[in-house]
Protein chains: 2
Amino acid sequence: MSPRIDEQNQQIRDARKQQLLEAGAKVFGERGYAGTKISDIVGEAKLSHGLIYHYFASKEDIYIELARTAFITSYETIREVVESGGSPYERLKALTEGIFAHTAESGYFFLIALQTNTSKTVPAEATAISREYAQQSMRWLERLFREGQEQGEFIDADPLKQALMYSSMLNGVVFTRLTYPELEDFPQVDQILRIFVHARAEE
Amino acid sequence: MSPRIDEQNQQIRDARKQQLLEAGAKVFGERGYAGTKISDIVGEAKLSHGLIYHYFASKEDIYIELARTAFITSYETIREVVESGGSPYERLKALTEGIFAHTAESGYFFLIALQTNTSKTVPAEATAISREYAQQSMRWLERLFREGQEQGEFIDADPLKQALMYSSMLNGVVFTRLTYPELEDFPQVDQILRIFVHARAEE
DNA sequence: GTCTATAACCCGATAGAC
DNA sequence: GTCTATCGGGTTATAGAC
């Protein structure tokens, strides 16, 4: 095999794998781990039944890879924004808007993350990955809230609980946005962030 | 058959049905509709495999009955509190605390409601029931927010969007409480309701 | 009313041809 | 690399004995 052929083959392999992952994200998101059949995935990807096993060892394997992508993406977004410049409030607002924009286009990953945290049927490895990244993400959020309190922008409260409150609210709102996609300009980001900042005269 | 026997039989039937519904709530909540096997339910209820079909026509049937209970309970709680006495803020606070108390003891129904709204594998009838009650519940919440605005307690904003915001936040927080049951006094109800009320001097 | 046994079907994963 | 055919195991629902 010449290098030329090798390279072409690699491109085909990458393309097929991506095809299967995208199909998997859609059907796992819509139907859950147990409710998804291999035939659903290959049907969505328009590939034959057997071919999926040339790219993944098992159904569990596909799910784990998708869950990992979901959690890493979320974690990296949080880390980058918290480490970036701007006041704590500006960063919190930027993070919120970034997450809304992201989930609007790839809601399936949100649903996969949700399942990984609620269903006992998902592969144990996916649940372990979730726990790991959830903990790390919470640490970054905690730091953001602590900074906001030190600088006087945020109200005083246990920073970890504020971080939990923030992620709770975000989950709830993203979920509603997925349920009612026709709702535009929901929610007002400034409004939901009022929970965390000091009261001030209304204009 | 004497009436005496009939009555005893009816008691047995009711008890078994309740047993199966409770087992079903647990395993459907934990494993999802597709991930739950009949053997999981009867195993949890400690009854034999075949017996479940003397009480329910099908697996779908059990799920529909559980989903109906979940949505009706939620709807009735909202309706009763909104119709009760007290200022809008007092009613909103009472509703929030009531829902937290309720989901703390029967979180499985929350998970069943969640799945019914996100998974395409659940029986279509359950999804229809969800939509119906969600719409009705939203109307009552909308009314509560409109009253709060008219009386000057709540900030001005589209009452329907405030109702959506409230239910989003509640979903997110209940979810977090299920994920971290060891967290006590999370969240501070007064804090989350700050979103909806006018800013005022902090004590 | 309760149980065990089984029918009828479907799924994940593999084998092997092209 | 891609496909069809098939194996082995497991699932819902029913039948029939006690």
Side-chain angles (χ1 to χ4, degrees), chain A residues 1-21 23-24 27-28 30-66 119-126, chain B residues 1-21 23-24 27-28 30-66 119-126:
Chain A
M1 290 186 223
S2 73
R4 174 75 186 283
I5 297 295
D6 273 4
E7 197 179 316
Q8 277 186 341
N9 279 348
Q10 191 58 41
Q11 280 184 359
I12 290 175
R13 285 193 64 86
D14 289 349
R16 290 285 167 276
K17 188 165 182 182
Q18 192 55 31
Q19 227 175 320
L20 287 164
L21 284 173
V27 292
F28 276 131
E30 287 178 347
R31 310 180 58 83
Y33 179 74
T36 294
K37 294 166 273 186
I38 296 293
S39 60
D40 293 329
I41 303 177
V42 295
E44 180 70 29
K46 282 162 187 153
L47 296 175
S48 73
H49 192 139
L51 192 58
I52 196 169
Y53 291 99
H54 277 68
Y55 294 95
F56 297 93
S58 64
K59 181 178 156 184
E60 291 205 350
D61 211 44
I62 308 172
Y63 188 88
I64 292 166
E65 187 151 335
L66 288 167
S119 172
K120 290 198 173 175
T121 63
V122 302
E125 193 177 336
Chain B
M1 288 186 225
S2 73
R4 174 74 186 282
I5 297 295
D6 272 5
E7 195 179 318
Q8 277 186 343
N9 279 348
Q10 191 57 41
Q11 280 185 359
I12 290 175
R13 286 192 65 86
D14 289 349
R16 290 285 167 276
K17 188 164 182 182
Q18 192 54 33
Q19 226 175 322
L20 286 165
L21 283 172
V27 292
F28 276 130
E30 286 178 347
R31 310 181 59 84
Y33 179 75
T36 294
K37 294 166 272 184
I38 295 294
S39 61
D40 293 329
I41 302 177
V42 295
E44 179 71 29
K46 281 162 187 152
L47 297 175
S48 74
H49 193 142
L51 192 59
I52 197 170
Y53 291 100
H54 277 69
Y55 294 95
F56 297 94
S58 65
K59 182 178 154 183
E60 291 206 351
D61 210 44
I62 308 171
Y63 188 88
I64 292 167
E65 186 151 336
L66 287 167
S119 171
K120 291 196 173 177
T121 63
V122 302
E125 192 177 336

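These numbers come from a predicted model, not from an experiment. Residue numbers begin at 1 in each chain, while the letters A, B, ... track the order of the sequences.
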Exercise. Rounded to the nearest 0.5 Å, how far apart are CD1 of I52(B) and CG of L47(B)?
Worked result: 8.5 Å
Show me the donor-acceptor pairs within less than 3.5 Å that the side chains of residues 32-39 of chain B make with the rest of the protein, sequence neighbours left out.
from: Y33(B); atom 1: OH; to: E60(B); atom 2: N; distance (Å): 3.4
from: T36(B); atom 1: OG1; to: V27(B); atom 2: O; distance (Å): 3.2
from: T36(B); atom 1: OG1; to: G32(B); atom 2: O; distance (Å): 2.7

Seminar exercise, completed: Across all chains, not counting sequence neighbours, the salt bridge (Lys or Arg N to Asp or Glu O under 4.0 Å) partners of R31(B) are D40(B)
For this session: Please list, chain by chain and in numerical order, all residues satisfying salt bridge (Lys or Arg N to Asp or Glu O under 4.0 Å) with E65(B), sequence neighbours excluded.
Result: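 Once residues adjacent in sequence are excluded, the partners of E65(B) under the salt bridge (Lys or Arg N to Asp or Glu O under 4.0 Å) criterion are K17(B).
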Problem set entry | Minimum side-chain heavy-atom gap L66(B)-L21(B) below 4.5 Å |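 Yes. Closest side-chain heavy atoms under 4.5 Å.
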Exercise. Under a criterion of less than 4.0 angstrom to any heavy atom of chain B, what are the 5'-terminal and 3'-terminal contacting nucleotides of DNA chain D?
Worked result: dT11(D) to dT14(D)
Return the set of residues passing side-chain hydrogen bond (donor to acceptor under 3.5 Å, both in side chains) with [X] (not counting sequence neighbours), or none when no residue passes.
X      : result
E44(B) : none
S48(A) : none
D14(A) : Q10(A)
Q11(B) : none

Problem set entry | Members of residues 42-59 of chain A that approach DNA chain C, where some heavy atom sits under 4.0 Å away | H49(A), G50(A), Y53(A), S58(A), K59(A)
Exercise. Among residues 33-41 of chain A, which residues get a heavy atom nearer than 4.0 Å to DNA chain C?
Worked result: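 Heavy-atom contacts with DNA chain C come from T36(A), K37(A), I38(A).
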Exercise. Backbone N or O of A45(B) within a donor-acceptor pair of the Q19(B) side chain at under 3.5 Å?
Worked result: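 Such a contact is found between Q19(B) side chain and A45(B) backbone.
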